[in-house]
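Proteins come first, then strands; the chains are lettered A, B, ... in the order of their sequence lines, and each starts at number 1.
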Number of protein chains: 2
Amino acid sequence: MHRKAPLKIIGSNAERTRLHNRKVVLGHLRSHGKLGRAELARLTGLSTQAMSNIIAELEGEALILAGERQTKGRGLPAVQYTLNPAGAVALGVEVRPNAILCALVNFLGDTLYTKRIHIKSSEPAVVLPAVKAACDEALSSIGKNAPPVLGAGIVMPGPFGRVGLTGAGKAELVGWDDKDPQALFEDVLQVPVRVENDATAAAIAEQTTGSATELQSFCFVYFGTGLGLGVISNGEILRGAFGNAGELGHVVVERGGRLCSCGNRGCLETYTSRMAASEFLQKRGKSAENQKDLSDLLAANDPDLEEWISEAADPLAQAIGTLENLFDPEAVILGGAMPPELLERLIEKLDLIDATVSVRADRTLPRVVRGASGWMTAALGAAALIIHDTYIPSISKVA
Amino acid sequence: MHRKAPLKIIGSNAERTRLHNRKVVLGHLRSHGKLGRAELARLTGLSTQAMSNIIAELEGEALILAGERQTKGRGLPAVQYTLNPAGAVALGVEVRPNAILCALVNFLGDTLYTKRIHIKSSEPAVVLPAVKAACDEALSSIGKNAPPVLGAGIVMPGPFGRVGLTGAGKAELVGWDDKDPQALFEDVLQVPVRVENDATAAAIAEQTTGSATELQSFCFVYFGTGLGLGVISNGEILRGAFGNAGELGHVVVERGGRLCSCGNRGCLETYTSRMAASEFLQKRGKSAENQKDLSDLLAANDPDLEEWISEAADPLAQAIGTLENLFDPEAVILGGAMPPELLERLIEKLDLIDATVSVRADRTLPRVVRGASGWMTAALGAAALIIHDTYIPSISKVA
DNA sequence: GATTTAATTCAATTAAGTTGAATATTCAAG
DNA sequence: CTTGAATATTCAACTTAATTGAATTAAATC
């Protein structure tokens with residue numbers, strides 16, 4: 001287990017400048033859809049000549065496509081450039097104690113392939129070859145002339161290795177304690193690898209292809225085994241000092257409340273999570289082990305499930321108020337491994353606190369919206385992270 | 001009132017590259033104290049030649065000073081460079097409904113001058129000339145050959161103009177509703193101006209000259225009129241979508257608890273804040289309107305104050321647990337307009353949640369530490385913000 | 001049809017980096 | 001005490017990727 005490296009602030013040179021500018025251009029193309037060179041030059045504050053060079057380079061690498069000239073009033077109509085969906089792909093993998101979920105997405109973050117593979121053990125010796133095989137299969141699924149692979153995003157139940165032990169006892173994978181997953185996966189897969197937690201990955205997926213494409217600041221509440229939180233603030237991922245930020249499940253919403261597995265009382269997770277729903281329904285003699293069960297119960301208007309929803313909404317509303325006051329997001333998004341209809345019902349039932357910094361006269365979005373959900377969310381998010389990295393420079397933003 | 005501008009992601013060029021690299025160099029000099037050219041080149045990933053050029057430029061502007069050559073084993077001993085304390089100054093101003101606090105700091109963030117000025121009204125027509133006069137006096141206090149003024153940081157009770165109305169009813173200044181304070185102050189003072197909230201400014205002061213000089217991620221709990229929060233995460237200031245992040249005072253710690261002025265129940269501010277202490281003591285027939293009163297009561301071992309501290313510690317401990325789980329900071333710092341001894345007592349009384357992500361085997365710092373406090377904290381922090389901006393590039397960090 | 005406007009390219013220039021060789025100063029080994 | 005290795009720094013030449021200003025093309029307006 002190694003301590004997190006202190007972040008190093010490095011200088012820039014011509015090469016890094018170009019890399020930065022490429023990302024800036026790709027980012028603008030992503031958010032605007034299509035743009036001409038001159039307009040890109042204006043947006044980025046670069047000269048048209050510089051833009052021409054960058055565009056030529058990106059087009060040469062097939063990351064962007066030249067479209068029709070588009071007439072907009074006087075003057076030579078601008079050639080419209082768009083991202084090339086087939087310009088590159090990214091892998092996403094979620095490693096769980098008993099399964100590996102593998103996804104492949106295109107340069108826009110759209111899903112090309114998904115697969116679930118059962119594993120007998122979560123030890124590195126088992127996981128690494130299985131992930132390698134799954135990724136190879138994913139890549140071969142798109143045929144011979146495959147575009148470049150930008151990298152692989154890996155989601156693992158943290159906290160592990162790099163980030164050290166923590167108190168909020170989580171389901172850790174066995175055999176990874178003293179390992180550096182990033183290095184191991186990079187070694188096996190031979191592409192750049194990023195390891196993130198599920199909630200953050202899901203948040204990035206939401207921003208890449210979901211309901212947050214227009215947002216720069218939002219909180220993504222992720223229903224997984226527990227309850228996670230991915231925070232994007234002004235376009236930046238919030239990780240915290242040790243990569244463990246966003247432990248929403250163990251935020252206390254009721255002093256002296258229900259006993260949680262972490263040893264505390266009143267954790268949000270004990271009220272509002274898949275686990276909490278399962279336990280509640282089990283006491284009523286109903287089984288709801290997976291999303292399908294919950295979906296079915298909801299479709300059948302099961303009164304016990306309805307009761308749980310009502311009961312779960314209050315603590316969640318309180319927690320959302322806390323998120324609003326602390327992070328001042330444009331919206332709070334609920335998603336993850338929960339049936340979408342259930343999330344909708346939960347949102348309907350929310351009685352939000354009516355005086356937080358998010359209660360604004362100029363709101364356009366609802367304070368809480370439903371995001372992407374389903375079992376693949378995290379794996380797709382992991383892949384989206386890689387796409388995200390090629391769009392987002394870690395640089396110069398100006399208000 | 002204007003809506004917050006969407007953040008613009010801009011390209012880079014040679015000029016911006018140099019600006020970035022200068023900041024990188026200054027930042028390293030700040031955190032290391034003194035360094036030679038070659039070592040700076042290694043730290044920044046730049047060539048020694050480039051470093052020589054940058055150093056020459058900075059030395060020419062008297063922002064850094066060449067020291068003795070320092071022998072460290074074999075080879076030519078490196079000339080050690082340090083920041084020049086007298087290389088530049090920055091102004092800091094806190095505007096309150098009835099007073100203006102003005103501060104001047106040197107290039108290291110050390111205090112050179114402070115002054116409090118009473119004002120009759122908080123309208124722009126009164127405040128702007130008063131601030132101008134105060135700043136002029138501050139600058140003339142350091143004599144004729146004054147070093148360049150990097151800018152002025154302004155702290156005002158938000159949320160105002162730029163960030164729009166919010167629900168958590170705060171003490172707003174009258175007459176500023178539809179104004180752009182940054183532009184107004186820049187116009188009057190003729191130096192670059194930054195407007196921030198008190199808690200963020202105080203957090204930056206803590207990082208510049210206080211107990212967080214080594215920290216990249218921390219939460220600063222600011223005792224002002226209410227209770228604010230400044231968050232620095234991996235060196236970046238967390239502002240939120242509308243600049244209102246960190247509204248800690250209105251985080252609910254007790255469902256259905258005490259009625260707060262914001263209309264909700266159970267806000268942290270109603271338990272743990274200067275106002276809460278005043279009210280508590282008033283009920284016991286004691287007056288504690290300012291820091292001095294509290295200080296005196298504490299010195300006299302006043303049993304009522306002790307009782308309040310015990311009562312206030314629990315909600316605070318819970319909130320700190322929430323901060324730890326959400327932000328994963330290296331430490332939580334308590335400071336602001338509270339007597340330091342009282343903060344110490346409060347910290348002693350804290351019964352922290354024993355399972356958050358901050359409970360780590362490899363901790364070196366306590367989870368909660370006391371930070372800078374006193375009436376000038378925010379104004380000094382405002383000035384520190386300006387210094388901070390000249391050290392911290394908004395760019396390329398590498399883990 | 002002539003003129004204006006806007007996008008784009010061409011050619012020259014410039015800023016700020018990199019690279020490799022030369023020089024200075026110190027430590028360590030013979 | 002001399003010599004060689006290590007380290008810091010500078011000098012000079014080169015490279016990258018930007019900028020600037022003039023030229024070219026195509027559409028809109030007069």
Just so I know, are the side chains of [X] and [Y] near enough to count as touching, which here means a heavy-atom distance under 4.5 Å?
X: Gln216(A); Y: Ile232(A); result: no
X: Val149(B); Y: Leu139(B); result: yes
X: Ile204(B); Y: Thr208(B); result: yes

Among the nucleotides dA17(D), dT9(C), dC27(C), whichever has the atom closest to the side chain of Arg37(A) is dT9(C)
Spacing of CD1 belonging to Ile54(A) relative to CG belonging to Leu46(A), to within rounding of 0.5 Å:
5.5 Å
Every protein N/O within reach of nucleotides 21-25 of chain C N/O, cut-off under 3.5 Å:
| from | atom 1 | to | atom 2 | distance (Å) |
| --- | --- | --- | --- | --- |
| dT25(C) | O2 | Leu76(B) | N | 3.0 |

Please list, chain by chain and in numerical order, all residues satisfying salt bridge (Lys or Arg N to Asp or Glu O under 4.0 Å) with Glu39(A), sequence neighbours excluded.
Lys72(A)
Specify the angle, to 10°, made by the local axes at the two ends of the helix from dG1(C)-dC30(D) to dG30(C)-dC1(D) when five pairs are taken at each end.
0°
Output side-chain donor-acceptor pairs under 3.5 Å for residues 75-90 of chain A, partner residues at least two apart or in another chain, one line each.
| from | atom 1 | to | atom 2 | distance (Å) |
| --- | --- | --- | --- | --- |
| Tyr81(A) | OH | Arg37(A) | NH1 | 3.3 |
| Tyr81(A) | OH | Arg37(A) | NH2 | 2.8 |
| Asn84(A) | OD1 | Ala86(A) | N | 3.0 |
| Asn84(A) | ND2 | Ala62(A) | O | 2.9 |

Which residue pairs satisfy the ring pair (Phe, Tyr, Trp, His ring centres under 6.0 Å) criterion with at least one member in residues 26-47 of chain A, sequence neighbours excluded?
His28(A)-His32(A)
Sort and list the pairs that fulfil salt bridge (charged side-chain N to carboxylate O under 4.0 Å, His left out) and have at least one residue in residues 48-62 of chain B, not counting sequence neighbours.
Arg18(B)-Glu57(B), Arg22(B)-Glu57(B), Arg22(B)-Glu61(B)
Between [atom2] of [N] and [atom1] of [X], the distance in whole Å:
X: Lys34(A); N: dA7(C); atom1: NZ; atom2: P; answer: 15 Å
X: Gln70(A); N: dT8(C); atom1: CD; atom2: C1'; answer: 16 Å
X: Glu68(A); N: dA27(D); atom1: CD; atom2: P; answer: 12 Å
X: Glu15(B); N: dT20(D); atom1: CD; atom2: C1'; answer: 14 Å

Indicate whether the side chain of Glu186(A) and that of Gln182(A) have a donor and an acceptor atom separated by less than 3.5 Å.
yes
Using distance alone, with no hydrogens and no angle criterion, decide if Thr213(A) and Gln207(A) have a side-chain donor and acceptor under 3.5 Å apart.
no
Give me the residues of residues 23-33 of chain A where at least one heavy atom lies under 4.0 Å from an atom of DNA chain D, by number, or none.
none
In numerical order, the residues of residues 45-61 of chain B whose heavy atoms come under 4.0 Å of DNA chain D are Thr48(B), Gln49(B), Ser52(B)
Side-chain N or O of [X] less than 4.0 angstrom from OP1 or OP2 on [N]?
X: Arg16(B); N: dA15(C); value: no
X: Asn21(B); N: dA16(C); value: no
X: Asn13(B); N: dT19(D); value: yes

All side chain to side chain contact (heavy atoms under 4.5 Å, CB included) counterparts of [X], not counting sequence neighbours:
X: Ala205(B); value: Ala384(B)
X: Ala41(A); value: Thr48(A), Met51(A)
X: Gln49(A); value: Ser47(A), Ser52(A), Asn53(A)

Sugar-phosphate only, base, or nothing, as touched by Arg22(A) at under 4.0 Å among non-hydrogen atoms
nothing
Which residues pass the ring-ring contact (aromatic ring centres under 6.0 Å, His included) test with Phe218(A), not counting sequence neighbours?
none
